[in-house]
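Data first, discussion second: the structure below is written as structure tokens.
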Amino acid sequence: MKITDIELRQYRWERGAPIRNGMHTYTHSGLNLLHIHTDADLTGIGWAHKPQSLGMAQVAQGLLEHFKPLLIGEDPFNYRRIWEALWVPKLVGRRGLTTRFISGIDIALWDLMGKAAGRSVHKLLGAARDRAPAYIAGGYYGEGKGLAGLAAEMEANLALGAKAVKMKIGGASIADDVERVRVVRETIGSEVKLMVDANCAYNLREALQIARKIEPCDIFWFEEPLPPDDYRGHGKLADATSIAIATGENEYTRYGFRDLIAHEAAAIYNADAQVLGGITEFMNVAALAGAHNLQIAPHGDQEIHLHLVGAIPNGLIVEFYRDTVDENRGHVFEENLRLDADGWLTIPDRPGLGFRPNYDFLERHRLA
């Protein structure tokens, strides 16, 4: 089997209402789909970074032309050789959009290999288990949302079977956010796990202050409290609070995670296969973390990361997005995951990643 072509399709749509975290406001959502075609009449599909702006969409199209010659004629099962050919740090890679694009290519290769083998990606990677716990991500700031709206969102999460939820902090005063955390804890009760995510909004002094104030709310983890390159600050914060620190969704490759781990920056690493270099590099990061008895709780799309949490012994939990993040979330794929009564997700046993893009919906929002 040989690769004959690689195609990029970009989609972008307006959210029903903007959402805001500790640092950014998001007015649009979207999807970049990479299709890798072969002479065996099989196509692997991977998704790279979302086209948050039209400028980023243009960059992605240029990257396609750069990488395409390196893929044509290759056997997709030579995924490690392909990865090393794509990642040339002097020119592309290390960090940023280029490595995110490589991630999408690598994800498409794994989807293709699974389809060729008739096995799920989860099975190809070793299948440590067949289901995994999940948490519902949300708790964003919104115009007019208020404490009542936040509590209503969390009640809806519980109705969906959630046994763990995550909310945003860092976009309001520390006093206001402490009250928001208190309301969420009161709403979900004592048995449901509660994570907070600052999206890098704080400096060390501020992160220490809010960590101490929310410790009584039994926080499962404090995610991205500081800018992603402040490895030492993460380590100092981890030493100063009883809350587990989580970080890594904006980290790249095994080398970045090596440095995070060396600084004892966190107990939980939010590695994202769509960011750090794809599934191939994700597995390298998971092995590195495992060697230090550290856990992986991936950031990003459940359709990809459910396979990966299920494939590694140190996979902790899967992030799960619902319509509070994007009202069109349920229309992107033909298949949708549902939490079971335990708040877990069953890993699909379909070939490849096992999710078919819903082109009837997507083509109405196509950029290129």
Side-chain angles (χ1 to χ4, degrees), residues 8-9 11 29-36 43-51 76 79 83 99-115 117 119-137 248-253 257 269-286 289 296-312 314-322 325-326 329-330 332-339 344-358 362:
L8 172 64
R9 301 184 193 180
Y11 307 96
S29 188
L31 196 66
N32 276 353
L33 288 182
L34 284 159
H35 296 67
I36 297 181
T43 298
I45 302 175
W47 36 113
H49 66 88
K50 295 177 175 65
Y79 62 93
W83 198 95
T99 298
R100 291 177 181 233
F101 199 90
I102 291 170
S103 301
I105 292 172
D106 185 78
I107 291 164
L109 289 175
W110 278 96
D111 183 55
L112 180 55
M113 288 187 286
K115 289 172 178 174
R119 307 302 298 272
S120 69
V121 168
H122 156 248
K123 293 289 188 184
L124 289 184
L125 293 171
R129 53 185 166 180
D130 295 325
R131 55 197 289 268
Y135 69 89
I136 295 183
E249 74 176 71
N250 288 300
E251 194 54 81
Y252 294 84
T253 75
F257 282 89
Y269 288 89
N270 308 124
D272 187 336
Q274 294 173 274
V275 171
L276 62 84
I279 292 172
T280 299
E281 193 68 352
F282 180 98
M283 295 302 287
N284 290 334
V285 168
I296 300 289
H299 167 268
D301 292 349
Q302 59 256 32
E303 291 83 8
I304 294 171
H305 291 104
L306 178 57
H307 285 273
L308 306 187
V309 169
I312 57 176
N314 56 330
L316 176 61
I317 196 168
V318 179
E319 185 163 29
F320 183 89
Y321 298 109
R322 51 167 291 227
V325 176
D326 176 4
R329 189 67 178 77
V332 173
F333 297 101
E334 297 284 355
E335 302 84 6
N336 283 297
L337 293 162
R338 298 283 187 272
L339 298 178
W344 288 47
L345 297 169
T346 297
I347 303 168
D349 198 26
R350 300 181 291 268
L353 290 168
F355 293 94
R356 295 169 297 173
N358 178 5
L362 291 171

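Numbering of residues begins at 1 and proceeds along the displayed sequence. Note: hydrogens, waters and symmetry copies are ignored here, and every other heavy atom, side chains too, is used.
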(message) Using side-chain contact (heavy atoms from CB on, under 4.5 Å), reason through L337 and V318 one step at a time and then give a plain yes or no.
(response) CA-CA 12 Å; L337 293 162; V318 179; over 6 Å; no

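- Interatomic distance, N358 CG to L31 CG, rounded to the nearest 0.5 Å: 11.0 Å.
- The minimum heavy-atom distance linking A108 with L34 is given by the pair CB-O, 3.8 Å.
- Without hydrogens or angle criteria, H305 side chain to E319 main chain gives no donor-acceptor distance under 3.5 Å.
- In terms of the ring pair (Phe, Tyr, Trp, His ring centres under 6.0 Å) criterion, F257 has no residue partners (sequence neighbours excluded).
- Across I107, L353, I36, T43, a single residue satisfies side chain to side chain contact (heavy atoms under 4.5 Å, CB included) together with L112, and that is I36.
- With sequence neighbours left out, the salt bridge (Lys or Arg N to Asp or Glu O under 4.0 Å) criterion links R350 to no other residue.
- Under the salt bridge (Lys or Arg N to Asp or Glu O under 4.0 Å) criterion, E249 pairs with no residue at all, not counting sequence neighbours.
- Here Y79 pairs with W110 under the ring pair (Phe, Tyr, Trp, His ring centres under 6.0 Å) rule; sequence neighbours left out.
- Without hydrogens or angle criteria, D111 side chain to I45 main chain gives a donor-acceptor distance under 3.5 Å.
- Nearest heavy atom pair, residue N270 against residue A297, reads ND2-O, 2.9 Å.
- Residues L8 and L33 have side chains not in contact (no heavy-atom distance under 4.5 Å, counting atoms from C-beta outward).
- Residues in residues 100-110 take part in no salt bridge (Lys or Arg N to Asp or Glu O under 4.0 Å) pair, two or more places apart or across chains.
- Looking at residues two or more places apart in sequence or on another chain, you find a side-chain contact (heavy atoms from CB on, under 4.5 Å) between D326 and W13, R15, S29, N328, R329.
- Here the two rings, on W47 and F333, have centers that are under 6.0 Å apart.
- Remark: R322 pairs with N157 by the side chain to side chain donor-acceptor pair (under 3.5 Å) rule, at least two apart or across chains.
- Here the shortest heavy-atom pairing between F282 and P298 reads CZ-CG, 3.9 Å.
- Between I102 atom CD1 and L276 atom CG the span is 11.5 Å, to the nearest 0.5 Å.
- Between G310 and I347 the shortest heavy-atom distance is CA-CD1, 3.5 Å.
- In terms of the side chain to side chain donor-acceptor pair (under 3.5 Å) criterion, residue partners of E281 (sequence neighbours excluded) are, by chain and number, R254, N284.
- With sequence neighbours excluded, no residue forms a salt bridge (Lys or Arg N to Asp or Glu O under 4.0 Å) with E334.
- Scanning all heavy atoms of the two residues, the minimum distance from G300 to D272 falls at CA-OD2, 3.9 Å.
- Residues V332 and Y11 form no side-chain contact, since every pair of their non-hydrogen atoms from C-beta on lies 4.5 Å or further apart.
- Put simply, the side chain of N32 never gets that close to the backbone of A48: no donor and acceptor are under 3.5 Å apart.
- What you find for N336 and G330 is that their closest heavy atoms are ND2-O, 2.9 Å.
- A 4.5 Å side-chain heavy-atom check between F320 and L345 finds at least one atom pair inside the cut-off.
- Qualifying ring pair (Phe, Tyr, Trp, His ring centres under 6.0 Å) partners for W83, counting only residues two or more places apart in sequence or in other chains: W87.
- Residues satisfying the ring pair (Phe, Tyr, Trp, His ring centres under 6.0 Å) criterion with Y252, sequence neighbours excluded, are absent altogether.
- Put simply, the side chain of Q274 never gets that close to the backbone of S103: no donor and acceptor are under 3.5 Å apart.
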Ignoring hydrogens and angles, write down the donor-acceptor pairs under 3.5 Å from the side chains of residues 122-129, residues two or more places apart or on other chains.
unit_1, atom_1, unit_2, atom_2, d
H122, NE2, R129, O, 2.4
R129, NH2, G315, O, 2.5

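- No side-chain heavy atom of L308 sits under 4.5 Å from any side-chain heavy atom of I296.
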